[in-house]
Amino acid sequence: ETARDYAQVGCVETYIPGLSAPWTDGYLNLAKCLELGLNDGRDRLSGMQIGPATGDPRQFAVFEDLFRAYERQVEAALDAMLAAKDDYDRTLAQHAPEPLNSALIRDCLERGQDATGGGARYLLTGAYGVGLGTTVDSLAALNELVYTRREAQIDDLLAAPPELPQQGAS
């Protein structure tokens with residue numbers, strides 16, 4: 001019954017009127033995770049180790065090895081993002097309560113707690129995977145050209161200089 005009484009807020013957020021707390025969203029860059037999987041967890045621009053070491057892709061014998069490295073990068077990035085979100089939620093509850101919003105949420109009134117501090121029944125938080133199209137296209141191209149047809153070498157791809165985003169580019 002509760003699941004039927006929902007509203008869409010914006011483009012992807014789900015909200016249950018009278019029962020949901022304010023939400024926090026996180027954006028997970030899936031293409032960056034692929035970059036990290038191709039570079040043993042190192043950022044190509046800075047050279048810093050920002051993801052877990054997942055192996056040298058020149059040693060990956062099959063596409064599944066590369067995909068496992070990518071999945072490990074996604075898991076690590078998601079864990080870090082959710083930990084940061086939890087910290088944000090705790091800070092919000094402590095320093096920026098929402099009494100007006102809480103007055104409109106049934107459970108907050110019954111529990112005598114602010115919506116940001118655990119008063120609401122549901123905390124609907126989203127983790128949005130961005131760059132999905134780029135990532136899927138890249139994985140498909142790597143699978144086809146490097147591992148299936150063997151028309152490209154992973155060494156050549158890794159040797160390509162990283163491109164910096166151009167100012168004003170859309």
Side-chain angles (χ1 to χ4, degrees), residues 2-16 20-93 116 120 122-170:
T2 301
R4 291 188 196 114
D5 186 25
Y6 73 95
Q8 287 304 119
V9 180
C11 55
V12 293
E13 296 90 2
T14 302
Y15 186 76
I16 301 173
S20 296
W23 58 89
T24 54
D25 300 325
Y27 295 88
L28 182 63
N29 186 336
L30 298 171
K32 185 66 174 186
C33 292
L34 178 55
E35 174 195 322
L36 295 173
L38 285 166
N39 293 281
D40 199 21
R42 292 197 174 279
D43 178 82
R44 287 200 60 189
L45 292 175
S46 71
M48 292 176 57
Q49 186 80 34
I50 62 172
T54 49
D56 182 346
R58 291 173 288 232
Q59 305 303 314
F60 297 161
V62 293
F63 175 74
E64 288 72 20
D65 295 337
L66 171 62
F67 195 78
R68 275 192 291 279
Y70 164 70
E71 285 180 312
R72 180 66 189 106
Q73 296 298 333
V74 170
E75 289 170 3
L78 184 59
D79 287 348
M81 184 191 78
L82 292 174
K85 182 215 70 71
D86 288 344
D87 286 343
Y88 173 81
D89 287 342
R90 280 190 292 277
T91 300
L92 184 68
T116 63
Y122 303 109
L123 177 58
L124 303 175
T125 299
Y128 307 117
V130 297
L132 180 62
T134 298
T135 306
V136 169
D137 288 349
S138 299
L139 285 166
L142 286 162
N143 184 32
E144 186 67 18
L145 297 174
V146 174
Y147 295 100
T148 301
R149 290 195 224 163
R150 304 206 180 271
E151 293 177 7
Q153 299 296 316
I154 201 78
D155 281 334
D156 295 332
L157 297 172
L158 296 175
E163 286 192 31
L164 293 170
Q166 295 181 11
Q167 295 291 341
S170 55

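Along the sequence shown, the residues carry numbers beginning at 1. Side-chain atoms are counted along with the backbone in the values below, which use heavy atoms only and exclude waters and symmetry mates.
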task = Evaluate the side chain to side chain contact (heavy atoms under 4.5 Å, CB included) criterion for residues K32 and I50: first the C-alpha distance (whole Å), next the side-chain angles of each, then the deciding distance (0.1 Å), finally the verdict.
result = CA-CA 11 Å; K32 185 66 174 186; I50 62 172; 4.0 Å; yes
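- Residues L34 and V74 form no side-chain contact, since every pair of their non-hydrogen atoms from C-beta on lies 4.5 Å or further apart.
- The shortest non-hydrogen separation linking A69 to G37 is CB-O, 3.9 Å.
- L82 contributes atom CG, which lies 7.0 Å from atom NZ of K85 (distance to the nearest 0.5 angstrom).
- Annotation: side chain of F67 is in contact with side chain of L139 (closest heavy-atom distance under 4.5 Å).
- The line from CZ of R150 to CG of L145 is 12.0 Å long, rounded to the nearest 0.5 Å.
- Counting all heavy atoms, side chain and backbone alike, A31 lies closest to T135 at N-OG1, 3.0 Å.
- Enclosure of atom CD in E144 by more than 12 non-hydrogen atoms of other residues, nucleotides or ligands within 6.0 angstrom is indicated.
- Scored by the side chain to side chain contact (heavy atoms under 4.5 Å, CB included) test, D40 finds A53, T54 as partners (sequence neighbours excluded).
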inquiry  = Applying side chain to side chain contact (heavy atoms under 4.5 Å, CB included) to V62 and D65, what does each step give before you reach the verdict?
reply    = CA-CA 6 Å; V62 293; D65 295 337; 3.7 Å; yes
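- Interatomic distance, OG1 of T116 versus CG of L92, reported as 5.0 Å (0.5 Å rounding).
- Minimum heavy-atom separation, M81 to L28: SD-N, 4.2 Å.
- In this structure, Y122 and T2 have side chains that are in contact, with non-hydrogen atoms separated by less than 4.5 Å.
- E71 contributes atom CD, which lies 11.5 Å from atom SG of C33 (distance to the nearest 0.5 angstrom).
- T148 places a side-chain N or O within donor-acceptor distance of the main-chain N or O of N143, the cut-off being under 3.5 Å.
- In this structure, F63 and Y147 have perpendicular ring planes: the angle between them is above 60°, well past the 30° mark.
- You'll find the side chain of L158 reaches within 4.5 Å of the side chain of R58, heavy atoms only.
- With values rounded to the nearest 0.5 angstrom, L38 atom CG is found 8.0 Å from F60 atom CZ.
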ask   = Between L142 and I154, does a side chain to side chain contact (heavy atoms under 4.5 Å, CB included) hold up when you go through it step by step?
value = CA-CA 8 Å; L142 286 162; I154 201 78; 4.1 Å; yes
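- Other residues, nucleotides and ligands contribute at most 12 non-hydrogen atoms within 6.0 Å of the OH atom of Y6.
- A120 and S20 get closest at one heavy-atom pair: CB-C, 3.9 Å.
- Side-chain contact check for D43 and S46: at least one donor-acceptor pair (N or O, by modelled atom type) lies under 3.5 Å.
- When every heavy atom of R44 is checked against every heavy atom of L157, the shortest pair comes out as NH1-O, 4.2 Å.
- A donor-acceptor pair is defined here as one N or O able to donate and one able to accept, closer than 3.5 Å; such a pair exists between the side chain of Q73 and the backbone of P52.
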